[in-house]
S.K.: 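Would you mind keeping the following structure in view while I ask a few things?
These numbers were taken from a predicted model, which means no experiment stands behind them. Heads up: numbering here begins at 1 and tracks the sequence.
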Amino acid sequence: MYKKSDYLLLPYSTSAVYHNLAVKWKLSGSGVEAAAVIHHDSVCIVPTSSKQNPSPKTRFIKCLSHTNDKNVQITQIAWGSLNYETVLIVTSTIGVQVFSQPDEECIYAHPCSDQAEKTTTSFARGIAVFNSMYFCIGNNAGSIRLFGPPNLDNEFCFIDRKRNHSFPIADLSAYRRNLASVDEEGYIMLWVMDTEELRHETSTASKSNCTGVKLKRDWLITIYASGCIRLYTIQKESTTNLNLSMEIAAHARAITALDVSENNEYLLTTSEDTYVKIWQLYKDGNLQKLKHFENILVADNMLMGGKFSTPNGSRFLVTSYDSNVISCFSM
């Protein structure tokens, strides 16, 4: 049984952005050393090991437009390893920015906008990192951009752009050289990075507002604004196929975040219905399945993000809209 064990105080409240929590893992992989939360145009980074609350080591990253003529809204954040260095990747209404760690210097930026966009405000959303060398970013036009290792000027290279989606990208997830993308209309696409180019493999439509995706070796999980979870099996024969294995009416309101423990045994989902739900992943023959493990009520909180903080899933963190608290739960 999970119980609330601790909390981290933020100097500002959490914005109403799905997947509004990122964690930085220790180099040993034994746990997380910091958590990051979006507050409008800023990212608040707080160490998880501090004995003081709020921590005096809390840091801020503010995303600024080069023209300073519009308000910036951050849409997603994620830590990743690029060129074997840990970086913080931030998507927003001004595109993508990559910040070095721990000095938080912006080392790369790209607008990630399409020339055809004239009537709507453009934004980047969806972050996926490949093999410590490449990363992908989605945008509101349905485009996905692939960026590669630094060139001789130590700048990341824009490599490829694909626009197979017709609706805004909701989320991206990578596993080795494979990529899964989902959009707001529920279209799911699988890609493979082949000689520094994204190659489309297969797609399927769910006709429901998709809010997130998590890709693994031979399966993927998608979450929806309807409160449903869908588990797909990836079958690779002469062609790649996505087969729906399970569909669960998991939450009463929109699911705002998902995470899979490092040992692939547990799935975590958070929702606007104030519940965190833990699911157990298991194999049934060749099929990946999941079963409900536990409900955790975070009363009077509209949950916006959730992440496991230990490899075996024994601890996790959650954030809530308009709250300056990161709640910590342990088995």
S.K.: For the residue pair Pro311 and Asn263, establish whether any side-chain heavy-atom pair is separated by less than 4.5 Å.
M.R.: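 No - every pair of side-chain heavy atoms lies 4.5 Å or more apart.
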S.K.: Is the backbone of Ser132 close enough, under 3.5 Å, to the side chain of Ser81 for a donor and an acceptor to pair up by distance?
M.R.: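 It does not hold such a pair.
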S.K.: Grab the two heavy atoms, one from Glu196 and one from Ile159, that are nearest each other, plus how far apart they are.
M.R.: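 Smallest heavy-atom distance, with atoms named: O-CG2, 2.9 Å.
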S.K.: Is it true that atom OH of Tyr12 has more than 12 heavy atoms of other residues, nucleotides or ligands lying nearer than 6.0 Å?
M.R.: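 Check fails, neighbour count at 12 or below.
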S.K.: Kindly compute the distance separating CD1 (Ile89) from CD1 (Ile137), expressed to the nearest 0.5 Å.
M.R.: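 CD1 of Ile137 is found 5.5 Å from CD1 of Ile89.
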S.K.: Is it possible for you to check whether Arg217 lies under 6.0 Å from the centre of the six-membered ring of Tyr175, through NZ or CZ, and within 45° of that ring's axis?
M.R.: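 Cation-pi check for Arg217 and Tyr175: fails.
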S.K.: Ignoring hydrogens, what is the shortest heavy-atom contact between Val72 and Asp41? Give both atom names and the distance.
M.R.: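 For Val72 versus Asp41, the nearest heavy atoms are O-CB, 3.1 Å.
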S.K.: Between Thr240 and Thr202, does any side-chain donor sit less than 3.5 Å from a side-chain acceptor?
M.R.: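 No - no donor-acceptor pair under 3.5 Å links their side chains.
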S.K.: Can you confirm whether more than 12 heavy atoms, excluding those of Tyr275, are under 6.0 Å from its OH atom?
M.R.: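 No - once you tally the heavy atoms of other residues, nucleotides and ligands closer than 6.0 Å, there are 12 at most.
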S.K.: Would you mind checking if Asp160 and Arg145 are paired as a salt bridge, meaning a charged N to carboxylate O distance below 4.0 Å?
M.R.: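 Salt bridge absent between Arg145 and Asp160.
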S.K.: Output yes when a side-chain donor or acceptor of Asn139 lies under 3.5 Å from a complementary backbone atom of Gly142, and no otherwise.
M.R.: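 Yes, Asn139 side chain to Gly142 backbone: donor-acceptor pair under 3.5 Å.
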S.K.: Given the rule in the side-chain hydrogen bond (donor to acceptor under 3.5 Å, both in side chains) test, do Thr75 and Thr91 qualify, once you have shown the distances and angles that lead to the verdict?
M.R.: CA-CA 6 Å; Thr75 56; Thr91 59; 2.8 Å; yes
S.K.: Without swapping roles, check the side chain of Gln288 against the backbone of Tyr282 for a donor-acceptor pair under 3.5 Å.
M.R.: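 At least one qualifying donor-acceptor pair exists.
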S.K.: Just wondering, more than 12 heavy atoms not from Asn295 lying within 6.0 Å of its CG?
M.R.: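 Yes, the 6.0 Å shell around CG holds more than 12 heavy atoms from other groups.
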S.K.: Is there a side-chain contact between Leu172 and Leu179, using heavy atoms and a 4.5 Å cut-off?
M.R.: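 The answer is yes; the side chains approach within 4.5 Å.
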S.K.: For Lys26, is there an ion pair with Glu33 - N to carboxylate O distance below 4.0 angstrom?
M.R.: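 Salt bridge: no.
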S.K.: Could you check whether any side-chain N or O of Ser314 sits under 3.5 Å from a backbone N or O of Met331, counting only pairs where one atom can act as donor and the other as acceptor?
M.R.: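 The answer is no, because no donor-acceptor pair under 3.5 Å joins these two groups.
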S.K.: Is there a donor-acceptor contact under 3.5 Å from the side chain of Thr256 to the main chain of Tyr18?
M.R.: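 Checking the backbone N and O of Tyr18 against the side chain of Thr256, no donor-acceptor pair under 3.5 Å is found.
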S.K.: Using ring centroids (six-membered ring only for Trp), state whether Tyr187 and His165 fall under 6.0 Å.
M.R.: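 No, ring centres 6.0 Å or more apart.
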S.K.: Restricting to non-hydrogen atoms, name the atom on Ser5 and the atom on Ser330 that form the minimum distance, rounded to 0.1 Å.
M.R.: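 Answer, listing the atom of Ser5 first, then Ser330: OG-OG, 3.0 Å.
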S.K.: Can you say whether the rings of Phe329 and Phe316 are parallel (under 30°), tilted (30 to 60°) or perpendicular (over 60°)?
M.R.: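 Parallel.
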S.K.: Mind telling me whether Phe156 and Phe135 have parallel, tilted or perpendicular rings, with 30° and 60° as the class edges?
M.R.: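 Rings of Phe135 and Phe156: perpendicular, over 60°.
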S.K.: Do Asp171 and His19 touch side chain to side chain, with heavy atoms closer than 4.5 Å?
M.R.: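 Heavy-atom side-chain distance check passes, below 4.5 Å.
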S.K.: Looking at every heavy atom in both Ser113 and Ser122, which two are closest together, and how far apart are they?
M.R.: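 Residues Ser113 and Ser122, closest heavy atoms: CB-OG, 4.0 Å.
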S.K.: Which pairs, with at least one residue in residues 291-303 and sequence neighbours excluded, count as a salt bridge (Lys or Arg N to Asp or Glu O under 4.0 Å)?
M.R.: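 Counting only pairs at least two positions apart or across chains, no salt bridge (Lys or Arg N to Asp or Glu O under 4.0 Å) contact touches residues 291-303.
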S.K.: Considering residues, nucleotides and ligands other than Lys283, do more than 12 of their heavy atoms fall under 6.0 Å from its NZ?
M.R.: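 Above 12, so yes.
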S.K.: Quick check: do Val90 and Phe99 have side-chain heavy atoms less than 4.5 Å from each other?
M.R.: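 Yes, side chains in contact.
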S.K.: So, for Tyr266 and Phe293, is the gap between ring centers shorter than 6.0 Å?
M.R.: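 Yes, the ring of Tyr266 comes within the 6.0 Å limit of the ring of Phe293, centre to centre.
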S.K.: Only one of Ile144, Val96, Ile94 passes side-chain contact (heavy atoms from CB on, under 4.5 Å) with Cys112; say which it is.
M.R.: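 Only one option passes, and that is Val96.
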S.K.: Would you find more than 12 non-hydrogen atoms of other residues, nucleotides or ligands less than 6.0 Å from Leu297 atom CG?
M.R.: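 Yes - once you tally the heavy atoms of other residues, nucleotides and ligands closer than 6.0 Å, there are more than 12.
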S.K.: Roughly how far apart are Arg177 CZ and Asp194 CG, rounded to 0.5 Å?
M.R.: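 Going from CZ on Arg177 over to CG on Asp194, the span is 7.5 Å.
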S.K.: Tell me, yes or no, whether the heavy-atom count around Tyr321 atom OH, taken from other residues, nucleotides or ligands under 6.0 Å, exceeds 12.
M.R.: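 No.
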S.K.: Below 4.0 angstrom, N of the basic side chain to O of the carboxylate: do Arg125 and Glu184 qualify?
M.R.: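 Result for this pair is yes, salt bridge flagged.
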S.K.: Looking only at heavy atoms, which two atoms of Cys328 and Leu317 are closest? And how far apart?
M.R.: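 Result for this residue pair: SG-CD2, 3.5 Å.
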S.K.: So which heavy atom on Thr58 is nearest to which on Pro11, and how close?
M.R.: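 Closest approach of Thr58 to Pro11, heavy atoms only: CG2-CD, 4.1 Å.
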S.K.: Quick one: do Arg59 and Glu104 make a salt bridge, cutoff under 4.0 Å?
M.R.: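 Looking at Glu104 together with Arg59, the answer is yes, because their closest N to O distance falls below 4.0 Å.
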